[in-house]
Amino acid sequence: MRIPYIVGNWKMNIGFDEAYDFLEELNKIYTTEMTHNIRVGIALQAPLLVPMIAEFYDGNFLIGAQTCCDHLEGAYTGEISPVILAECETNFCIIGHSERRQYYNESDEAINTKAKLLLECGIEPIICVGETLEQFENNQTKEVIEAQIEKCCKDINISECVIAYEPVWAIGTGKSATSKIAQEVCHLIREKIRMMYPEDADNVIIQYGGSVNSKNIKELMACEDIDGALVGGASLKIDSFKELIKYGD
Ligand code: PGA
């Protein structure tokens with residue numbers, strides 16, 4: 001049974017005070033208002049990991065990072081080691097987000113290495129894949145996604161990973177993929193994983209991300225191969241995030 005998993009990605013937004021108020025409220029909502037079984041996570045800016053995990057260690061949600069280094073230690077100025085993330089008790093880490101691929105040249109090979117190192121450190125990787133608008137319009141989605149899955153998920157314990165399908169053209173644009181397209185690609189991802197890891201494919205959590213909001217969440221979550229969402233904009237305010245995590249109520 002795949003338990004739905006909704007993760008808010010705050011990106012480079014939200015400071016200490018706002019984060020504290022948001023997470024306190026989230027905890028309250030989770031304990032008093034939730035009627036369905038769901039995992040919820042928030043990926044915040046790295047300096048917030050220590051104070052927020054200390055404060056909400058017993059919270060009903062998971063706290064994660066947005067990227068990490070593809071080395072465990074050494075002369076990599078400015079990078080964040082999976083080891084230090086583990087020492088901070090970080091639950092999960094997003095890797096391969098399209099903004100990291102686009103602005104920081106993160107490659108499929110580096111994402112694969114990061115996934116392995118995170119797993120070694122006991123942190124759940126959320127591996128993002130997705131095609132650009134140009135690739136989508138040229139009908140290259142299948143080949144692009146399959147190649148990304150093949151490279152990013154090579155030789156890893158896939159049962160401990162989460163995959164996020166995030167079409168680049170839908171991120172922050174207000175232009176969400178239709179639930180039909182999202183389902184088709186998430187299904188394609190599951191079938192590709194099945195070819196690589198036949199025993200695990202049915203248990204892997206696959207999220208959809210890209211302009212998820214309170215209006216489309218229900219329809220997306222009703223799709224057979226969509227097990228959750230990776231949410232940017234709509235995760236920045238507790239009221240809109242609350243509507244998302246309560247989609248099933
Ligand atoms: P968005 O971002 O929900 O603002 O489109 C999604 C993401 O980047 O994970």
Side-chain angles (χ1 to χ4, degrees), residues 4-14 18-19 22 26 38-46 48 61-68 90-106 108 111 114-115 118 124-136 141 144-145 148-149 152 161-179 181-183 185-186 189 205-221 223 225-247:
Y5 187 19
I6 295 185
V7 170
N9 171 16
W10 283 352
K11 309 190 181 184
M12 209 172 69
N13 300 293
I14 301 202
E18 212 186 327
F22 185 110
L26 179 59
I38 178 174
R39 283 207 300 160
V40 175
I42 295 289
L44 31 71
Q45 298 188 71
L48 290 178
F61 52 87
L62 305 167
I63 295 181
Q66 301 172 4
T67 185
C68 68
T90 305
N91 299 120
F92 68 89
C93 181
I94 299 172
I95 51 176
H97 189 280
S98 70
E99 285 149 18
R100 302 287 317 169
R101 290 176 185 260
Q102 191 180 345
Y103 305 138
Y104 303 96
N105 299 322
E106 205 162 300
D108 290 326
I111 294 160
K114 290 178 187 203
L118 285 167
E124 172 185 76
I126 298 184
I127 302 169
C128 302
V129 295
E131 80 285 12
T132 63
L133 180 60
E134 197 187 347
Q135 292 164 337
F136 175 70
T141 302
V144 169
I145 299 295
Q148 287 177 340
I149 291 289
C152 297
C161 298
V162 170
I163 309 293
Y165 167 54
E166 297 211 306
V168 179
W169 48 271
I171 296 177
T173 57
K175 198 171 157 187
S176 166
T178 60
S179 54
I181 296 176
Q183 160 59 24
V185 182
C186 289
I189 290 171
I205 297 292
I206 302 177
Q207 299 174 325
Y208 165 77
S211 299
V212 174
N213 57 44
S214 58
K215 294 197 176 65
N216 57 25
I217 183 80
K218 221 174 171 142
E219 197 178 323
L220 288 163
M221 293 299 288
C223 297
D225 287 289
I226 300 177
D227 310 311
L230 184 54
V231 188
S235 73
L236 295 176
K237 293 272 178 268
I238 189 66
D239 289 346
S240 52
F241 193 61
K242 173 177 160 174
E243 288 187 57
L244 298 186
I245 61 173
K246 293 185 72 184
Y247 73 94

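We count ligands from 1, going down the list as the structure has it; atoms in each ligand are counted the same way. What you are looking at is a predicted structure, and each value in this text was computed from that prediction instead of being measured. Sequential numbering from 1 along the given sequence is applied to the chain's residues.
Taking the side chain as every heavy atom from C-beta outward, K237 and E18 approach each other to under 4.5 Å.
Under a 4.0 angstrom heavy-atom cut-off, A170 registers as being in contact with ligand 1.
In terms of protein heavy-atom proximity, atom 4 (O) of ligand 1 is closest to G233 N, 2.8 Å. Atom 9 (O) of ligand 1 has as its closest protein heavy atom E166 OE2, 2.7 Å.
With Y165 as the fixed residue, the side chain to side chain donor-acceptor pair (under 3.5 Å) test singles out one of Q183, E131, Q148: E131.
In plain terms, the two heavy atoms of A43 and I94 that are nearest each other are CB-CD1, 3.6 Å.
For ligand 1, the atoms sitting less than 4.0 Å from at least one non-hydrogen atom of N9 are 9 (O), numbered in the order shown with element in parentheses. Close approach of ligand 1 to G210 (heavy-atom distance below 4.0 Å) involves ligand atoms 5 (O). Here is the list of ligand 1 atoms found below 4.0 Å of a heavy atom in H97: 7 (C), 8 (O), 9 (O). Listed by number with element, the atoms of ligand 1 under 4.0 angstrom from any heavy atom of G172 are 1 (P), 4 (O), 5 (O).
Here atom 6 (C) of ligand 1 lies nearest to G232 when heavy atoms of G232, P167, G8, G209 are compared.
Between F22 and W10, the angle of the ring planes goes over 60°, which puts this pair in the perpendicular group of the 30/60° scheme.
Judged by distance alone, the side chain of D227 and the main-chain N or O of I206 form a donor-acceptor pair under 3.5 Å.
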Checklist entry - Can you check salt bridge (Lys or Arg N to Asp or Glu O under 4.0 Å) on R39 and E124, steps first, answer last? => result CA-CA 13 Å; R39 283 207 300 160; E124 172 185 76; 3.0 Å; yes
